[in-house]
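Shown next, in structure tokens, is the structure this report addresses.
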Protein chains: 2
Amino acid sequence: MRIGELAARGGTTARAVRYYESLGLLPGRRSGNGYRTYDEDDLRLLRQIRTLQDFGFGLEETRPFVECLRAGHPEGDSCPASLAVYRRKLGELDALIGELTAVRAQVADQLARAERARDELAAEAGVPGGPEPECELGGRAT
Amino acid sequence: MRIGELAARGGTTARAVRYYESLGLLPGRRSGNGYRTYDEDDLRLLRQIRTLQDFGFGLEETRPFVECLRAGHPEGDSCPASLAVYRRKLGELDALIGELTAVRAQVADQLARAERARDELAAEAGVPGGPEPECELGGRAT
DNA sequence: CGTTGCCTTGACGCCGACGTCAAGGCATAC
DNA sequence: GTATGCCTTGACGTCGGCGTCAAGGCAACG
């Protein structure tokens, strides 16, 4: 098949396929007229790349999987190097999730504190006159 | 103070400060010799930016906080627009953490499955002869 | 024969938040 | 005087993963 069909069946674009080829992830075989030509095995390579991409892997991280498939193994993760990438990624994900969770808590704290401060000011000013905590410049042009 | 001191006290670089100025986040007052000059209020602006940056906020997301401070409010989050950014960020963080957690589970599954497959192959081949699941091309050049 | 559609290479654009280098001005220390 | 160190503007580089446009070739359909 040609690049358009490969891309469509792999759920991506011809441009991306050429890019993967430029990185050495996909082969660049040509048929007589100069068009790139692919077979079902190439489609498996592409699908392996896309799956890992969807997981948030960088393209370089997909290389061990692709080379594993190219070496004739049944799955991209049949090789130790691929398993190592999985494990490293798990660690990175855990670290990232941990950081994000901590940030989330801090932001929630800030929000709660700011809302409390706002309400206190509102109550304080609400007893005498009108509150309306305007902030954006030029509330209503008088 | 001048830009170098401001940057140092704000925990960033002069280059970053100029960049923030180019976005209109920081003022660009000059003293007689053309040097940028800053006061303690500017330092507070910068620190507000840095704090939010550390939370993973984009620079545009810090703008409401900065404008709030510039409008004379005691805190950057004393304004409704800032609270809105907090809330939006909380939603984004929750969504992101959820996605990452799902991905983490999938990767863990893949790893477990691949290790199982490897062990089964090892047991299968281990009974007759030698296992050694080589993958990288050219294991030992014979 | 022309049109349409897929293909080719090459090259620049994009996003965000700066880093880094170049060439030069100002100010202080020695 | 000059060496040092901070400052100025301007402009290009970085990272990742492509998008998009330009200019042209090949193939099939009518």
Side-chain angles (χ1 to χ4, degrees), chain A residues 1-39 42-43 45-66 85 88-89 92 96 100 103, chain B residues 1-39 42-43 45-66 85 88-89 92 96 100 103:
Chain A
M1 81 194 88
R2 291 176 305 179
I3 196 171
E5 185 182 346
L6 178 80
R9 293 181 61 190
T12 183
T13 65
R15 179 71 182 88
V17 169
R18 291 194 198 98
Y19 182 57
Y20 301 156
E21 178 188 326
S22 79
L23 296 181
L25 292 173
L26 291 181
R29 292 188 307 276
R30 307 303 178 104
S31 56
N33 55 11
Y35 288 8
R36 289 172 178 82
T37 185
Y38 303 94
D39 57 22
D42 298 327
L43 179 58
L45 294 182
L46 179 57
R47 285 184 169 154
Q48 175 73 77
I49 294 172
R50 295 305 304 174
T51 299
L52 295 176
Q53 281 271 91
D54 289 346
F55 282 167
F57 286 51
L59 286 176
E60 282 308 321
E61 293 179 315
T62 72
R63 194 178 295 277
F65 296 80
V66 170
V85 173
R88 192 161 49 76
K89 207 67 188 179
E92 290 175 13
L96 185 54
L100 289 177
V103 165
Chain B
M1 82 193 90
R2 292 175 304 179
I3 195 171
E5 185 182 346
L6 178 79
R9 292 181 62 191
T12 182
T13 66
R15 179 70 181 90
V17 169
R18 291 194 198 96
Y19 181 57
Y20 300 156
E21 179 189 325
S22 78
L23 296 181
L25 292 172
L26 291 180
R29 291 187 307 275
R30 307 305 178 103
S31 56
N33 54 12
Y35 288 8
R36 289 171 179 83
T37 185
Y38 303 94
D39 58 23
D42 297 329
L43 180 56
L45 294 182
L46 179 56
R47 284 184 170 153
Q48 174 73 77
I49 294 171
R50 294 305 303 173
T51 299
L52 295 176
Q53 281 271 92
D54 290 345
F55 283 168
F57 286 52
L59 286 176
E60 282 308 321
E61 292 178 316
T62 72
R63 195 179 294 276
F65 296 80
V66 170
V85 173
R88 190 160 50 76
K89 208 66 187 179
E92 291 176 12
L96 185 53
L100 289 176
V103 165

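It should be emphasised that the depicted structure is a prediction, and the values quoted were computed from it without experimental measurement. So you know, we letter chains A, B, ... as the sequences are listed, proteins then strands, and number each from 1.
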DNA chain C: 5'-proximal contact among Y35(B) and E60(B) (nearest heavy atom) = E60(B)
Rounded to the nearest 0.5 angstrom, the CG-CG distance for L46(B) and L6(B) is 5.0 Å
Throw together a table of side-chain donor-acceptor distances under 3.5 angstrom for residues 17-28 of chain B, partners on residues two or more places apart or in other chains.
{"residue": "Y20(B)", "atom": "OH", "partner": "R50(B)", "partner atom": "NH1", "Å": "2.9"}
{"residue": "E21(B)", "atom": "OE1", "partner": "R36(B)", "partner atom": "NE", "Å": "2.6"}
{"residue": "S22(B)", "atom": "OG", "partner": "Y19(B)", "partner atom": "O", "Å": "2.6"}

Nearest-Å distance for atom pair [atom1]/[atom2], residues [X] and [N]:
X: R15(B); N: dA17(C); atom1: CZ; atom2: P; value: 13 Å
X: R63(B); N: dG16(C); atom1: CZ; atom2: P; value: 12 Å
X: I3(B); N: dA27(C); atom1: CD1; atom2: P; value: 17 Å

Do any of residues 45-59 of chain B sit with a heavy atom less than 4.0 Å from DNA chain D, and if so which?
-> none
Selection: residues 17-25 of chain B, any non-hydrogen atom under 4.0 Å of DNA chain D | R18(B)
For the residue pair [X] and [Y], what are the closest heavy atoms and their distance?
X: V85(B); Y: P64(B); answer: CG2-CG, 3.9 Å
X: T62(A); Y: F57(A); answer: CG2-CB, 4.4 Å
X: A7(A); Y: A14(A); answer: CB-N, 3.5 Å

K89(B) and E92(B): salt bridge (Lys or Arg N to Asp or Glu O under 4.0 Å), yes or no, with the steps?
-> CA-CA 5 Å; K89(B) 208 66 187 179; E92(B) 291 176 12; 3.4 Å; yes
What does the inter-axis angle of the helix from dC1(C)-dG30(D) to dC30(C)-dG1(D) come out as, five pairs per end, nearest 10 degrees?
-> 30°
Those residues at least two apart in sequence (or on a different chain) that pass side chain to side chain contact (heavy atoms under 4.5 Å, CB included) with R47(B) are R9(B), L43(B)
Should the pair E5(A)-R2(A) be classified as a salt bridge under the 4.0 Å nitrogen-to-oxygen rule?
-> no
Chi angles and distances behind the side chain to side chain contact (heavy atoms under 4.5 Å, CB included) call for R29(A), D39(A) = CA-CA 10 Å; R29(A) 292 188 307 276; D39(A) 57 22; 3.6 Å; yes
Between which nucleotides of DNA chain D, 5' to 3', does chain A make heavy-atom contacts below 4.0 Å?
-> dG17(D) to dA27(D)
Is the phosphate of dG19(C), meaning OP1 or OP2, less than 4.0 Å from a side-chain N or O of T13(B)?
-> yes
